[in-house]
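Numbered from 1 within each chain, the chains take letters A, B, ... in sequence-line order. What you are looking at is a predicted structure, and each value in this text was computed from that prediction instead of being measured.
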There are 2 protein chains.
Amino acid sequence: MVSIHQKIFRDIETKIMSGDWQPGQRIPIEHELAAEYRCSRMTVNKALSALAERGMIVRRRKAGSFVATQQIDRTVMDIQDISTEAELAGYEHDYRMLMRRIERLDASDAALLREPVGAEILRLQCLHLVDGKPNAIERRIIMLDAVPLARDETFASVPPAKWLLEQVPWSKARHVIRAVSADAATARLLETERGEACLTLIRQTWQNGHTVTYVEITHPGDRFQFAGDFQPAEKEVPDHLARRSAT
Amino acid sequence: MVSIHQKIFRDIETKIMSGDWQPGQRIPIEHELAAEYRCSRMTVNKALSALAERGMIVRRRKAGSFVATQQIDRTVMDIQDISTEAELAGYEHDYRMLMRRIERLDASDAALLREPVGAEILRLQCLHLVDGKPNAIERRIIMLDAVPLARDETFASVPPAKWLLEQVPWSKARHVIRAVSADAATARLLETERGEACLTLIRQTWQNGHTVTYVEITHPGDRFQFAGDFQPAEKEVPDHLARRSAT
DNA sequence: TAGTGGTCTAGACCACGGG
DNA sequence: CCGTGGTCTAGACCACTAT
């Protein structure tokens, strides 16, 4: 059974997607829709609010609601912890800690993170393996002020990303995706050629305005990609474009 | 002025972000919150529904609402039309049409697009320049069945992406981001070195189950990146991680 | 079975902003 | 001004599910 506001949402969505209602076109006002669907205005409002939140319509007081002219072209990327991702895909994940060192933030990293020079940090480097093949290098900085428990954590059994997600309840985050050429060290670790195109995900996470962690995860370009659906609900995606991050 | 449901939303968001309410912890039921905020249950419900939609809480009938244990780690990437993006960033955008040809879908592309062999297509290739420097190569296939108007469009004054967005009201889309090494032709066009790491965005768009267009946009890795905020509402992002796609 | 969320109503007042 | 959306109320019934 679908609720009334869901039905209204889908009906209007369909009208827009099919081109029945053109961009810029004004759609019926709440009272009219309420009459059409024989429901209260609040129910209509719930559907229209959801449509507006998705960017499919634009709502203006006094003027009315309009089919969005500016086609929103954004995509939701699932950026999962590597171990979780590998598990979900049915692959075996393993990792090796290459470095674990307590340091103080130097000038260059301080500028990068926008945190004060000299702050105590835990610097980690580890190699992730999927089905026994190197899949990613993780270079991470954890701010010890923000996550004091990390000081005594060896990450021997739980990968840093997973551990942090469990420790730090919530955060703001910023993601950047870049393409870079593998330098000598990276190539050696990933068992690929020097100069090979790599996909790097940079993620900085904050809590209450303070950096929790900063991480660069570098994947070999020939074995990794990011994929995102425009509509999270969409399931009927062709296999050939399906996520293949763990191949 | 912030509305009551906004205040409730923010209060709970803060409690979760600060760690005051731990993951898995049960939060007050709707009636209790309604009493606390001296508002109706519907108002509380609106706030909690929004929190649930963002994945910050999980709601279960009879059991109650709980702080989400599985930290969602997804990001919203704005994937804009290059010309629009450049304009927004205050850069000058130009493009050159390198190829425009009506063909029939060959076996390899048909498999890639999951469309029938022999379907009529418009194949485009163009070079995008930002501030006079090559910024991207766009290789595009437009299905003429889905967009018959494209047959007579020269794209002399409007870039294909922009034109299509105006023509095709809405669609499902699939995005893939890859790192690839520049081949000879790509390197020449982008005025970079052969083998240089490039960031490729692949986008396939559907309408009513039929492919509208398939495009590969390849950017030089040293001049481009994708960036996304975890929270779309978040504005206080450090400059050094800000979008620099048009630099 | 009883507690909780999901949905809905038939009003209401107000803020905004186009005419 | 006054039409439209934004918000809110004080109930109500129902579906689900933990106990």
Margin query: Is there a side chain to side chain donor-acceptor pair (under 3.5 Å) between A:Thr213 and A:Thr205? Walk through the geometry before answering.
Written below: CA-CA 5 Å; A:Thr213 186; A:Thr205 310; over 6 Å; no

Item checked: Chi angles and distances behind the side chain to side chain donor-acceptor pair (under 3.5 Å) call for B:Thr211, B:Gln204 -> CA-CA 7 Å; B:Thr211 301; B:Gln204 187 166 3; 3.0 Å; yes

Margin query: Check the orientation of A:Phe155 and A:Trp163. Use parallel for under 30°, tilted for 30 to 60°, and perpendicular for over 60°.
Written below: perpendicular

Item checked: Touch class at under 4.0 angstrom, heavy-atom based, for B:Leu48 against every strand present -> nothing

Check: Considering heavy-atom distances to DNA chain C, does A:Gln6 or A:Lys62 have its closest nucleotide positioned more toward the 5' end?
Finding: A:Gln6

Notebook entry, point to check: Looking for any heavy atom pair under 4.0 Å, which part of the strands does A:Ser49 touch: base, sugar-phosphate only, or nothing?
Noted result: nothing

Checklist line | Check ion pair A:Glu30-A:Arg59 (N to O, under 4.0 angstrom) | finding: yes

Item checked: Residue met sooner reading DNA chain C from 5', once A:Ala63 and A:Ile4 are mapped to nucleotides -> A:Ile4

Margin query: Please find the pair of heavy atoms, one from B:Thr200 and one from B:Thr218, that lie closest to each other, and give the distance.
Written below: OG1-OG1, 3.2 Å

Next item on the list: Please tell me if the side chains of A:Gln25 and A:Phe66 come closer than 4.5 Å, counting only heavy atoms from C-beta onward.
Entry: no

Notebook entry, point to check: When you measure from the side chain of A:Arg61, which nucleotide among C:dC16, C:dG18, C:dG5 comes out closest?
Noted result: C:dC16

Notebook entry, point to check: Heavy-atom contacts under 4.0 Å between residues 26-34 of chain A and DNA chain D, which residues?
Noted result: A:Arg26, A:Ile29, A:Glu30

Notebook entry, point to check: Does anyone know the first and last nucleotide of DNA chain D in reach of chain B, 5' to 3', at under 4.0 angstrom to a heavy atom?
Noted result: D:dT7 to D:dA18

Item checked: Interatomic distance, B:Phe66 CZ vs C:dG3 C1' [rounded to whole Å] -> 12 Å

Check: Looking across every strand, which nucleic acid part, if any, lies under 4.0 Å from A:Arg60 by heavy atom: base, sugar-phosphate, or nothing?
Finding: sugar-phosphate

Note to self: Quick test of your reading of the model: are B:Lys15 and B:Asp11 salt-bridged, counting only N-O distances below 4.0 Å?
What the structure shows: no

Note to self: Please give me the minimum heavy-atom distance between B:Pro28 and B:Leu33, naming the atom from each residue.
What the structure shows: O-CD1, 3.7 Å

